[in-house]
Structures are given as C-alpha cells and as structure tokens.
Asker: 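My structure is below; once you've seen it, I'll send some questions.
So that the names make sense, note that chain A is the first sequence line, chain B the second, and so on, each numbered from 1. These numbers come from the heavy atoms of this one structure, side chains and all, not from hydrogens, waters or symmetry mates.
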2 protein chains.
Amino acid sequence: MSADPLSLVFSALADPTRRDMVARLTVADATVNELAAPYDVTVQAVSKHLKVLEEAGLVSRSREAQRRPVHLEAEIFDLMTAWIERYRRQAEERYRRLDDVLRSMPDDVEPVLPPNPPETGAPT
Amino acid sequence: MSADPLSLVFSALADPTRRDMVARLTVADATVNELAAPYDVTVQAVSKHLKVLEEAGLVSRSREAQRRPVHLEAEIFDLMTAWIERYRRQAEERYRRLDDVLRSMPDDVEPVLPPNPPETGAPT
DNA sequence: CGTCTATTCAACCAGACGGTTGACGAGCGG
DNA sequence: CCGCTCGTCAACCGTCTGGTTGAATAGACG
C-alpha cells in the first residue's frame, strides 16, 4: 500500500474520471448512482473510484436511508498545494541563485532575497 | 496512453520516489546516477522514473558528453495548481451558497448536476 | 413477508506499473 | 584500439488498477 497521504491524493486525481467526479462534487453532494450516470461505466466501477477518493481523504460518505451521499472534502487539496508551492518556490529561488552564481563563480552561495515571504505554504 | 497532461502530471507525482527526485531537482540539476544514488533501486529503475517525469513535462534532459543532466521544468506545476485552485474555489463558494440556502429554506430546491463528460481538457 | 432500489463485495481479466537482470550504444581516457 | 563509465533498451516478473459480471447486503415499501 502506498500509505502516504500525498501519494494517495495525487494518484486519486491522476484519473480523469475521478477528477471529473471531484469537479462535480464541488457543485453539490451526490449519490453513487447520480455520480455514475454521465459515465460509460458500471456503477460498480464508480463505487470503486469513490473508494479510492475516500481513501485519499477527498470525499466522505454519510448514510441516508439506503443511499450513501458523497461529499467532497476540499481541505485535502491543501496537502497538494503545500507540496507543489514549496518546491515551485524552491525551484524559482534556485533559478535566481543560479543566475547570480553564473555571474560571480561560486565559492559561497548566498541566500538571495526571497521576493515571496514563505507564509502561504511554509511546510516543515 | 493517458495522453492528457493533467493525468500525466498527477500520476507522475503519485510516486514518492519521483516526488523526491523532483524535490531534489529544485535544488540543482543532476545526472541519472546522482539521482539514483540515494535510492535502493537500480539505475535502470530511476531511468524509467525519469522517463515518466519527462513525459509529464516535469523534467527535461540535455546532453553533455556521455552524461544526461536532468533539469526540472517547474512551470508544469501551474497546470495542477490551476486545476486544484479552480475546484477548491468552487467548493468554497458552494459552501457559502449552501449556507445561504439553509438560511432561507426554499421548497423547490433540487440538486442540479451539470453533466460533465469524463474528459479533462479543462474547458477553459 | 416479498420485492424493489441503492450500493457494495467477490471473482475474474487485460493492461499498466515498478522493479529486476542482461545486453547494448555513446564517449572519454589509457 | 581497449576498456571504463553513463545511460538506455529489452525481456521478464509480481503486483496494482480499472473494468467487467454476478451475487450479496441494507433499507424502503406494498
């Protein structure tokens, strides 16, 4: 098992059908059957997709009669954005630094002024 | 082939080893052997991972003697952030709206599910 | 009770995935 | 030229994945 949350979320969203389900769930909660309707697959397949999304923490299911309304848990997105932003920022900073280095032939790499204060996604 | 860029990027980053390689590449370009060093797998496996990252547009390889320095292409991150932010925003807005609805309690509210085909060519 | 609807579980299948080993091409260096 | 290192290609293997069909469970309803 992948176990680690980031992998689960990324791989959950690596599937177009699952991404589309997530997209639709941003509009409203839906039952499995409702979700399955637009797609050209069986409801069982959609149920599996939902399981994947649920294990990734992207959706939750409640119980309402015999229906299982699916609800989006959008906070999980933050997990990804945190990761992405962190390394994007790091990459950008590196390019700036490289530019500097190329100018002066390095013997000591000096931390260049970060134009963006690391407040948005400052992870550990 | 999944073909669609978003799926390629998400699934490329769904692997911890690949994520780690990307993380390291934000610091500096590296050769395949350098990249492979920390991991407990053969250099061939790493080469495969790089192929995946390259096909996702996350890295590019140049040629320098018999070495193939790997370079991160960080702009691709924007593809993901665009998607994520879009739907996160949409979800947040929906919650606000729902809150509103719950306050006024109309009796003719019905869930409207805009049929969205399982395709990710983000229609804008 | 029996049945209908909504959903999941189980078994199966083809294909992709991550890994291996082994062989091969490209360049440097003796 | 020979040999070495760097990297990829090819074949193979076990596991995961996305899909199927068919059966099972849970609750509403007559």
Asker: Check whether any side-chain N or O of A/Arg18 sits under 4.0 Å from OP1 or OP2 of D/dG18, and answer yes or no.
Answerer: yes

Asker: What is the distance, to the nearest angstrom, from the NZ atom on B/Lys51 to the P atom on C/dA16?
Answerer: 14 Å

Asker: Polar pairs (N or O, both sides) under 3.5 Å between protein and nucleotides 20-27 of chain C?
Answerer:
{"from": "C/dT20", "atom 1": "OP2", "to": "B/Thr42", "atom 2": "N", "distance (Å)": "2.8"}
{"from": "C/dT20", "atom 1": "OP2", "to": "B/Thr42", "atom 2": "OG1", "distance (Å)": "2.7"}
{"from": "C/dG22", "atom 1": "O6", "to": "B/Gln44", "atom 2": "NE2", "distance (Å)": "2.8"}

Asker: Supply the atom-to-atom distance A/Thr31 OG1 to A/Arg67 CZ, rounded to the nearest 0.5 angstrom.
Answerer: 7.5 Å

Asker: Just N and O in the side chain of A/Asn33: are any of them under 4.0 Å from OP1 or OP2 of C/dT7?
Answerer: yes

Asker: Give a yes/no on whether any side-chain N or O of A/Thr31 is located under 4.0 angstrom from OP1 or OP2 of C/dA6.
Answerer: no

Asker: Rounded to whole Å, please give me the gap between CZ in A/Arg68 and P in C/dC9.
Answerer: 9 Å

Asker: Roughly, in whole Å, what's the span from CG in B/Leu53 to C1' in C/dC17?
Answerer: 14 Å

Asker: Is there a path of hydrophobic side-chain contacts, each under 4.5 Å between heavy atoms of I/L/V/M/F/W/Y residues, joining A/Val52 to A/Val32?
Answerer: no

Asker: How close do B/Ala56 and B/Val9 get, heavy atom to heavy atom, and via which atoms?
Answerer: O-CG2, 3.5 Å

Asker: When you check the side-chain N and O atoms of B/Asp4 and B/Ser7, is any donor under 3.5 Å from an acceptor?
Answerer: yes

Asker: Between the side chain of B/Arg18 and the main-chain N/O of B/Leu13, is any donor-acceptor distance below 3.5 Å?
Answerer: no

Asker: For DNA chain C, which residues in residues 54-62 of chain A have a heavy atom at a distance below 4.0 Å?
Answerer: A/Arg61

Asker: Students often mix this up, so state it plainly: with edges at 30° and 60°, are the rings of B/Phe10 and A/Phe10 parallel, tilted or perpendicular?
Answerer: tilted

Asker: Checking salt bridge (Lys or Arg N to Asp or Glu O under 4.0 Å) against A/Arg61, which of A/Glu73, A/Glu55, A/Glu54 comes through?
Answerer: A/Glu54

Asker: Roughly how many Å is it from CG in B/Leu50 to P in D/dC6, rounded to a whole number?
Answerer: 15 Å

Asker: Please assess B/Ile84 against A/Ile84 for the test side-chain contact (heavy atoms from CB on, under 4.5 Å), listing each intermediate value before the final yes or no.
Answerer: CA-CA 11 Å; B/Ile84 296 167; A/Ile84 295 167; 4.0 Å; yes

Asker: Indicate yes or no: at least one non-hydrogen side-chain atom of B/Tyr87 is less than 4.5 angstrom from one of A/Val27.
Answerer: no

Asker: State whether B/His49 places a side-chain N or O below 4.0 Å from either non-bridging phosphate oxygen (OP1 or OP2) of C/dG19.
Answerer: yes

Asker: Between A/Leu35 (CG) and C/dA6 (P), how many Å, whole number?
Answerer: 14 Å

Asker: What is the distance from CD of A/Glu64 to P of C/dT5, rounded to the nearest Å?
Answerer: 18 Å

